*Asks:* 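Before anything else, here's the structure in question.
From a predicted model like this one, the values you see are computed outputs, not experimental measurements.
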Amino acid sequence: MFVQEFGTKVYAEPPKSGFSLVAWTLPSIYLILGTLVVVFVIARWRKHALEPAAGTGNAPTISQELLDRARARAARDTED
């Protein structure tokens, strides 16, 4: 009905004034905000990836005897 009355121009674009102006600006605003959020999240991930894990500096060492026993047991348990 609108096409018959106003022609195909009704498909082309909404008026760039009033409330319709929001329809023109919001996609750009959302794209910019989304990009900023992604950049912020990636920056935080990288920051946390570069920090050493908590407690790794004071990790207890495993005695060589205990390590050898564990390896021998693993070898026995995985034999065919």
Side-chain angles (χ1 to χ4, degrees):
M1 180 164 168
F2 284 110
V3 177
Q4 293 172 352
E5 188 174 338
F6 299 106
T8 57
K9 184 168 170 80
V10 294
Y11 288 137
E13 60 185 54
K16 295 180 183 174
S17 63
F19 186 71
S20 295
L21 189 58
V22 174
W24 283 97
T25 57
L26 279 183
S28 299
I29 291 171
Y30 287 148
L31 179 66
I32 292 168
L33 287 176
T35 302
L36 290 175
V37 167
V38 168
V39 168
F40 175 74
V41 168
I42 290 174
R44 285 192 53 162
W45 284 346
R46 289 188 59 159
K47 179 184 172 194
H48 289 294
L50 296 177
E51 294 175 355
T56 55
N58 298 331
T61 58
I62 299 174
S63 68
Q64 190 62 36
E65 176 191 354
L66 185 59
L67 187 58
D68 290 338
R69 283 191 346 205
R71 285 182 179 153
R73 183 173 179 185
R76 275 195 319 269
D77 291 346
T78 57
E79 287 179 351
D80 286 334

*Asks:* Running the 4.5 Å side-chain criterion over Ile, Leu, Val, Met, Phe, Trp and Tyr, what cluster does Leu36 land in, apart from itself?
*Replies:* Ile32

*Asks:* Hey, is CD1 on Ile62 packed in by over 12 heavy atoms from elsewhere, all under 6.0 Å?
*Replies:*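 No, not enclosed.
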
*Asks:* To the nearest 0.5 Å, what is the distance between CZ on Phe40 and OG1 on Thr35?
*Replies:*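 Reported value, rounded in 0.5 Å steps: 15.0 Å.
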
*Asks:* Taking side chain to side chain contact (heavy atoms under 4.5 Å, CB included) as the test, write out the residues that go with Ser63, two or more places apart.
*Replies:* Glu65, Leu66

*Asks:* Under the rule for salt bridge (charged side-chain N to carboxylate O under 4.0 Å, His left out), what residues qualify as partners of Asp77, not counting sequence neighbours?
*Replies:*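 Residues passing salt bridge (charged side-chain N to carboxylate O under 4.0 Å, His left out) with Asp77: Arg73.
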
*Asks:* To the nearest 0.5 Å, tell me how far Leu21 CG sits from Leu26 CG.
*Replies:* 9.5 Å

*Asks:* If hydrophobic clusters are built by linking Ile, Leu, Val, Met, Phe, Trp and Tyr wherever their side-chain heavy atoms come under 4.5 Å apart, do Trp45 and Val37 end up in the same one?
*Replies:*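 The answer is yes; both residues are in one hydrophobic cluster.
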
